[in-house]
Amino acid sequence: MFYGTDLTSRLMLGTAQYPSPKILRDAIDASGTQVITVSLRREGAGGGDFRQFVNASGCRILPNTAGCHTARDAITTAHMAREMFDTKWIKLEVIGHADTLQPDPFALLEAARILCADGFQVFPYTTEDLILGEKLLEAGCEVLMPWGAPIGSGQGLNNIDGLRRMRAHFPDIPLVIDAGIGAPSQAAQAMELGFDAVLLNTAVARATDPVEMARAFGLAVAAGKLAAGAGLMPRRDMAQASTPIFGTPIFETAEVI
């Protein structure tokens, strides 16, 4: 549940870089997603036609502040998004590093405090840092979106131990893996760790067949969630026979004369 909204799909899908609007529409349908992210820069490139397209998708729209490098720019973009898409939801990105696109923790927290106080329902793109997570929650955020790896890198989950600690530290807070997912297996792994959803874009949009890749990610996220709920077997250092010795017949070898 995100800000009181129940969703049946655990996959959130970006809308940039697709070969055509039709392929994007088919990918959205194939994925089963109920949330699509839209940047104002992308909307601006397509004008009103793109706005009509995303509104007609039937999905909840999560505008983002992609490309913002200061708290002021992110806040301004968020206000524009609220007017344009008539939603309180905003995915807050404040980039602090040009190469890794890692979020700026100080500007992110500053923007989050101001936007939450102004009635926004903020989805902050953050790292797996626990202190930053606590500060964002204190600012009014009700969900955290830690990165798996640098945006668009396809590296998957670079810091599994850190993400596992974050899940344990915030057991009752919705957590969404955002950025770096490149394969359905990586999305399933995120869900198996107990995360609530996965947000991705490039892995689908740049696939040879975006529609089938979107379908694959939808299935992988669902499978990972089911596996986490069913209870994954623990890892072992040693082998353990699947058939126990106790209770099995013992056949004696006849003595050869």
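Basis for what follows: all heavy atoms, side chains included, without hydrogens, waters or symmetry-related copies.
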The test is side-chain contact (heavy atoms from CB on, under 4.5 Å); show your working for Leu232 and Glu192 and say whether it passes. CA-CA 8 Å; Leu232 294 163; Glu192 289 171 358; 3.7 Å; yes
Which atom of Ala66 lies closest to which atom of Ser39, heavy atoms considered: CB-CB, 4.2 Å
Could you give the distance from CG (Leu11) to OG1 (Thr33), rounded to the nearest 0.5 Å? 5.0 Å
Connected-component partners of Leu219 among ILVMFWY, side-chain separation under 4.5 Å: none
Cation-pi geometry met for Arg82 and Phe120 (6.0 Å, 45°): yes
Hydrophobic clusters here meaning ILVMFWY residues chained together by side-chain heavy-atom distances under 4.5 Å, can you tell me if Leu199 and Tyr3 are in one? yes
Close side-chain approach of Pro63 to Thr87, heavy-atom, < 4.5 Å: yes
Donor-acceptor pair, side chain of Gln186 and main chain of Ala183, under 3.5 angstrom: yes
Hydrophobic cluster mates of Ile151, side-chain heavy atoms under 4.5 angstrom, ILVMFWY only, any path? Ile95, Leu101, Tyr125, Trp147
What's the spacing between Leu144 CG and Asp196 CG if we round to 0.5 Å? 10.5 Å
Is it true that a side-chain atom of Tyr18 and a backbone atom of Arg206 form a donor plus acceptor pair closer than 3.5 Å? no
If I compare all heavy atoms of Val143 with all of Pro174, which pair ends up nearest, and what's the gap? CG2-O, 3.2 Å
Across all chains, not counting sequence neighbours, the salt bridge (Lys or Arg N to Asp or Glu O under 4.0 Å) partners of Asp161 are Arg164
Per the side-chain hydrogen bond (donor to acceptor under 3.5 Å, both in side chains) rule, what does the pair list look like for residues 99-117, sequence neighbours excluded? His97-Thr100
At what distance, to the nearest 0.5 angstrom, does CD of Glu128 lie from CG of Leu163? 5.5 Å
Could you go step by step and tell me if Thr37 and Leu13 meet the side-chain contact (heavy atoms from CB on, under 4.5 Å) rule? CA-CA 6 Å; Thr37 63; Leu13 200 62; over 6 Å; no
Co-membership, hydrophobic cluster, residues Leu226 and Leu175, 4.5 Å side-chain: no
Distance check, rounded to the nearest 0.5 Å: Lys88 atom NZ versus Cys116 atom SG? 12.0 Å
Which heavy atom of Ala149 sits nearest a heavy atom of Gln155, and at what distance? CB-CB, 3.7 Å
For the student: nearest non-hydrogen atoms of Pro184 and Ala220, plus distance: O-CB, 3.3 Å
Could you check whether any side-chain heavy atom of Val198 comes within less than 4.5 Å of a side-chain heavy atom of Arg10, counting everything from C-beta outward? no
Ala107 and Ala71: which non-hydrogen atoms are nearest, and at how many Å? O-CB, 3.7 Å
Do Leu115 and Leu92 have side chains that approach each other closer than 4.5 Å (heavy atoms only, starting at C-beta)? yes
The reported gap from CG in Asp73 to OG1 in Thr65 (rounded to nearest 0.5 angstrom) is 9.5 Å
Partner of Thr126 under side chain to side chain contact (heavy atoms under 4.5 Å, CB included), chosen from Leu108, Leu109, Asp178, Val94: Leu108
Within the distance-only criterion (no hydrogens, no angle test), does the side chain of Glu93 pair as donor or acceptor with the backbone N or O of Asn64 below 3.5 angstrom? no
May I ask you to test the Val122-Pro124 pair for a side-chain heavy-atom distance under 4.5 Å? yes
Between Val176 and Phe195, does the side-chain contact (heavy atoms from CB on, under 4.5 Å) criterion hold? Intermediate values first, please. CA-CA 6 Å; Val176 181; Phe195 283 80; over 6 Å; no
Residue pair Asp172 / Arg167: nearest heavy atoms and the distance that separates them: N-NH2, 4.3 Å
Answer yes if Ile181 and Ile160 sit in the same cluster of Ile, Leu, Val, Met, Phe, Trp and Tyr residues linked by side chain heavy atoms under 4.5 Å apart, and no otherwise. yes
Name the orientation class of the two ring planes belonging to Phe2 and Trp89 (parallel below 30°, tilted from 30 to 60°, perpendicular beyond 60°). perpendicular
side-chain contact (heavy atoms from CB on, under 4.5 Å) between Leu137 and Phe170, intermediate numbers included: CA-CA 10 Å; Leu137 295 176; Phe170 301 111; 3.6 Å; yes
Can you pull the side-chain hydrogen bond (donor to acceptor under 3.5 Å, both in side chains) pairs that have at least one residue in residues 209-225, sequence neighbours excluded? Glu212-Arg215
Show which residues join Met233 in its hydrophobic cluster (side-chain heavy-atom contacts under 4.5 Å, direct or indirect), or state none. none
Could you measure the distance from the CD1 atom of Ile75 to the CE atom of Met80? Nearest 0.5 Å is fine. 14.0 Å
